[in-house]
Structure formats: structure tokens, C-alpha cells
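Before any comments, here is the structure.
Scope of the values below: all heavy atoms of this structure, side chains included, with no hydrogens, waters or symmetry mates.
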Amino acid sequence: MPAGTCAESRPPLPLPDTPTTRKVWRIHDYRLDLTLQCGQAFRWQRHGPRWWGVADGKPVELVQNGTLLQARVPEPVPDWAWLENYLQLHAPLPAIWATFPDDPHLHRARAQWHGLRLLRQPAWECLASFLLSSCKRIEQIQQVIERLCRRWGDPLPALEGLPTLYSFPPPGRIAAATEAELRACGAGFRAPYLLAAARAVDQGRCPLDELPRRTYPEARAALMNLPGVGPKIADCVCLFGLGFLEAFPVDTWIARVMRERYFRGRRVSEETLAEFGRSRFGPYAGYAQQYLFHDRRMTDRPREAHLHNPPSG
DNA sequence: TGTTGACCTGGCCGG
DNA sequence: GTTCGCAGGTCAACA
């Protein structure tokens with residue numbers, strides 16, 4: 001190759017990304033309102049078309065206007081991969097749907113709730129949140145988590161015009177708290193579970209960072225070694241925090257819908273339902289679970305069906 | 001192996 | 001204003 005050609009064809013030196021506080025994406029098959037409010041994450045607040053919360057440790061304001069998604073952060077960031085990953089903007093939803101069997105119940109849920117996505121949350125925040133979730137409504141879970149963040153989290157740089165948001169407390173901070181202090185935040189009988197989990201993670205006995213590199217059964221078993229973590233919470237953490245999309249959490253809602261629609265109302269154990277869900281819906285069973293779960297929940301709670309309204313923004 | 005009650009707390013509902 | 005059953009789960013005791 002001639003020397004001159006080589007110099008001309010050399011790619012330009014990569015320029016560092018210019019840090020920005022705003023970003024716009026064109027998105028398809030995405031419903032921000034459903035995704036943030038369906039019960040997989042507990043730190044998002046809605047005011048009209050605007051959503052604000054903490055994603056991957058950073059305060060963010062989000063607005064969806066049709067196929068445009070706008071984000072705003074208080075301090076310039078060089079890239080937005082962290083938010084794209086959290087929101088799973090690049091998850092191939094049509095390809096995921098193509099893997100599912102021809103299932104009338106799933107088709108109906110898809111038609112109604114198309115655009116609902118699974119988030120990818122920080123594993124510790126996900127584990128702590130779902131440890132606090134048993135026998136609580138979403139609003140109550142949000143309140144307890146907010147108290148924990150205000151008490152043991154750090155204030156984050158404020159978005160102009162919005163209240164101060166707090167980081168999710170790292171395991172070491174919770175590990176240093178007392179059970180009574182956690183109960184005072186509203187954790188109730190879940191307080192000793194949260195404390196034990198925080199200490200296990202903080203001391204490296206439950207290496208959350210390593211679990212995504214293990215197999216799903218190994219990660220699930222490691223989580224279930226923690227006190228207070230049964231099959232349901234372990235599967236929620238696998239699905240929403242570790243990226244194991246084959247996980248199929250079985251809670252009371254999904255157990256009801258599965259027994260009704262696939263087992264003619266027969267009594268079937270929850271472990272059997274989880275195995276059935278994973279084998280029927282395959283490597284993306286978690287997506288199927290979330291659609292079936294949300295469909296059933298909205299059927300039983302029509303008051304909350306305003307979620308069906310597309311974003312007004 | 002499957003079933004049952006206890007565990008905190010707070011919003012809801014009927015009296 | 002008060003009472004009561006209930007809620008997106010887990011654990012341990014018991015049959």
C-alpha cells in the first residue's frame with residue numbers, strides 16, 4: 001500500500017465526547033410510564049409528563065414525547081451508556097417477542113401493555129428493595145426506601161427546579177445500622193433480613209458483583225442463602241438486577257394468573273409454576289412474566305389502569 | 001412433603 | 001373515630 005494513501009485513510013483521532021446535561025433518543029416499542037411504574041423499581045416520581053428519580057446512582061429527569069425520550073441530569077456527563085443500560089433502551093423487544101410460543105394470554109397482554117420494558121437496576125438496590133417488599137404495597141415500599149435513602153444515603157446534585165434526591169445507601173452503611181433504626185424507617189419484620197443481607201454483601205459473603213458471571217441457578221442459589229430471601233425475591237433480583245432474563249418470579253399475582261390460565265385452577269406449587277414459566281417461555285421468560293403480571297394486576301385494580309394512557313408529553 | 005401461623009405497618013372499609 | 005382483615009414473602013413448627 002502506498003505510503004501517502006495510508007496517511008490519508010487513517011481514521012481521525014477519536015475526540016473525547018463533549019459532556020452534556022441533556023440527551024434525546026429516538027425510541028421504538030418503549031413506554032416509559034409503564035416501565036417505571038409497573039412495580040419493578042421504586043424510586044421514580046411522576047409529575048405530569050415528567051419523571052424524576054435516581055438511575056444507577058445519578059439523579060435524572062425523563063420525559064417521553066411519542067418516539068422521543070429526553071433526559072436531563074444536573075452535571076455534564078461524557079456518555080450516557082449508564083442510562084441506556086438502566087432503561088434497557090437497546091433491548092430488542094421485537095426479537096424477544098419472536099422467541100415466545102403462540103400464547104393467547106400473552107398476546108392479549110402484549111396488545112394492552114406493549115412497550116413495557118425490564119430495567120437493569122443496581123443489584124444491591126434491587127436486593128434491598130425486594131427484601132422490603134413482602135406484604136407491602138408499592139406506595140409503602142417507596143416510602144420505606146425513601147426514608148432509608150434520606151437517612152443513610154448521600155444528597156445528590158440537585159436538578160434545577162426539583163427537590164434534592166438521595167443516593168441508595170451502600171451495603172456498608174446499612175450494615176452499620178441497628179435493627180431498631182431500620183424498624184424506625186418502617187422496615188418492620190423485614191429489618192433483620194435487610195441487616196443480615198447488608199452485612200453478607202458488605203463482608204463479601206454474597207458477592208453480588210460476581211453473580212452476573214455465574215449461571216442463573218448458581219446466582220439464584222447464592223441469593224437464597226441470605227436470610228429472608230426465598231425463591232420469589234431471588235428471582236426478582238436475578239431478573240431486574242443481574243440480567244438473568246430467564247428468571248420467572250412467582251408472587252401471589254402471577255401464581256393466581258398461572259393457575260387460572262394454564263392449570264384450570266388446580267393447586268400447583270409455586271416452584272412448579274416457576275419451572276413451567278421458564279420452560280414454556282424460554283430464555284426471555286422474565287419478559288413474559290412481567291406482561292402477564294401487569295395484565296392481571298391491572299385487571300384486578302382498574303383504579304390504576306390510568307397507566308394505560310400514553311404519555312401526554 | 002405440604003400446610004399454617006407469625007411477623008410490622010398502614011390504608012381501606014363497614015359499623 | 002375505631003376496629004378489622006389484608007397485603008407483590010419467608011421461615012419454622014407441625015401433621
Side-chain angles (χ1 to χ4, degrees), chain A residues 34-44 109 113 116 118-119 121 125-148 151 174 177-200 206 220-241 247-261 263 265-275 277 285-305 307:
Chain A
L34 293 178
T35 300
L36 297 184
Q37 215 175 6
C38 69
Q40 59 178 319
F42 304 99
R43 299 209 63 198
W44 292 94
W113 311 110
L116 170 59
L118 298 184
L119 298 170
Q121 303 175 55
E125 178 177 336
C126 190
L127 170 60
S129 299
F130 280 96
L131 264 172
L132 292 167
S133 72
S134 62
C135 296
K136 274 189 179 291
R137 278 178 272 272
I138 290 176
E139 301 76 23
Q140 295 173 328
I141 302 166
Q142 290 171 330
Q143 288 169 6
V144 179
I145 291 173
E146 180 64 20
R147 288 187 205 121
L148 291 177
R151 172 113 194 222
I174 300 290
T178 65
E179 186 182 317
E181 288 172 324
L182 296 177
R183 284 178 185 270
C185 290
F189 63 82
R190 309 153 198 85
Y193 298 151
L194 179 60
L195 194 56
R199 289 176 178 167
C206 181
R220 188 179 196 248
L223 291 166
M224 286 177 63
N225 273 334
L226 297 169
V229 178
K232 191 268 179 179
I233 293 176
D235 274 332
C236 284
V237 178
C238 282
L239 185 59
F240 305 129
F248 195 88
V250 175
D251 54 36
T252 58
W253 291 94
I254 204 74
R256 206 175 299 163
V257 74
M258 297 290 285
R259 288 180 184 127
E260 283 171 5
R261 295 178 183 174
F263 292 89
R266 291 207 315 271
R267 291 190 71 120
V268 182
S269 77
E270 291 172 0
E271 198 57 39
T272 301
L273 293 174
E275 287 168 15
Y287 262 94
Q289 187 272 2
Q290 198 63 14
Y291 274 76
L292 292 170
F293 165 75
H294 190 70
D295 187 51
R296 177 56 204 247
R297 184 164 159 260
M298 288 300 107
T299 304
D300 264 27
R301 294 184 173 178
R303 270 191 318 157
E304 298 176 42
L307 282 175

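Taking side-chain N and O atoms only, A:Arg137 has no distance below 4.0 Å to OP1 or OP2 of C:dA7.
For the atom pair CH2 (A:Trp113) and OG1 (A:Thr35), the distance works out to 12.5 Å, reported to the nearest 0.5 Å. Atoms CZ and CD1, on A:Arg43 and A:Ile141 in that order, are 14.0 Å from each other to the nearest 0.5 Å. Rounding to the nearest 0.5 Å places NZ of A:Lys136 at 11.5 Å from CZ of A:Phe42.
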Requested in this report: With pairs defined as Watson-Crick or G-U wobble and both distances under 3.5 angstrom, please note down DNA chain B as a dot-bracket string, | for pairing with another strand.
Outcome: |||||||.||.....
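By the 4.5 Å heavy-atom criterion applied to side chains, A:Phe293 and A:Cys38 are not counted as neighbours. Contact of the A:Leu226 side chain with the A:Ile233 side chain is not registered, since no non-hydrogen atoms from C-beta on lie closer than 4.5 Å. Within the 4.5 Å cutoff, the side chain of A:Arg151 has no heavy atoms near those of the A:Arg147 side chain.
Atom CD in A:Gln143 sits roughly 15 Å away from atom P in C:dG8 (whole-Å rounding). What separates CD of A:Glu271 from P of B:dG2 is a distance of 11 Å, to the nearest Å. Spacing between atom CG of A:Leu273 and atom P of C:dG8 amounts to 17 Å, rounded to whole angstrom units. Separating the CG atom of A:Leu223 from the P atom of C:dT10 is a distance of 12 Å, rounded to the nearest angstrom. Rounding to whole angstrom units, CG of residue A:Leu131 and P of B:dT9 are separated by 17 Å. When rounded to the nearest whole Å, the span between CD of A:Gln140 and C1' of B:dC12 equals 11 Å. Between A:Ile141 atom CD1 and B:dG10 atom C1' the separation is 13 Å, expressed in whole Å. Rounded to whole Å, atom P of C:dG8 lies 13 Å from atom CD of A:Glu270.
Between the side chain of A:Arg190 and the main chain of A:Ser133, no donor-acceptor pair closer than 3.5 Å is present. In this structure, A:Tyr193 contributes its side chain and A:Val229 its backbone to no donor-acceptor pair below 3.5 Å. For A:Gln40 (side chain) and A:Gln121 (main-chain N/O), no donor-acceptor pair under 3.5 Å exists by modelled atom type.
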Quick one: which protein N/O atoms are closer than 3.5 Å to N/O atoms of nucleotides 11-15 of chain C? Pair and distance per line, please.
residue: C:dC11; atom: OP1; partner: A:Gly228; partner atom: N; Å: 3.0

Write down the protein N/O and nucleotide N/O pairs, taken from nucleotides 2-4 of chain C, whose separation is under 3.5 Å; answer none if there are no such pairs.
none

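Taking only side-chain atoms of A:Lys232, from C-beta outward, the nucleotide of B:dT9, B:dC8, C:dG8 with the closest atom is C:dG8. Looking at the side chain of A:Arg267, the nearest of the listed nucleotides C:dG8, B:dT3, B:dC8 is B:dT3.
Ring planes of A:Phe240 and A:Phe130: parallel class, angle under 30° (limits at 30 and 60°).
Using P as the reference atom, B:dG14 and C:dA7 are 15 Å apart when rounded to the nearest Å. Spacing of C1' atoms, B:dG2 relative to C:dG8, comes out at 22 Å, to the nearest Å. Comparing the same atom, P, in B:dC8 and in C:dT2 gives a spacing of 24 Å after rounding to whole Å.
Contact annotation for A:Arg190: base contact, defined as any heavy-atom pair under 4.0 Å involving a base atom.
Salt bridge A:Lys232/A:Glu270: absent, no basic N to carboxylate O contact under 4.0 Å. A salt bridge does not link A:Arg199 with A:Glu179: every distance from a Lys NZ or Arg NE/NH1/NH2 to an Asp or Glu carboxylate oxygen is 4.0 Å or more.
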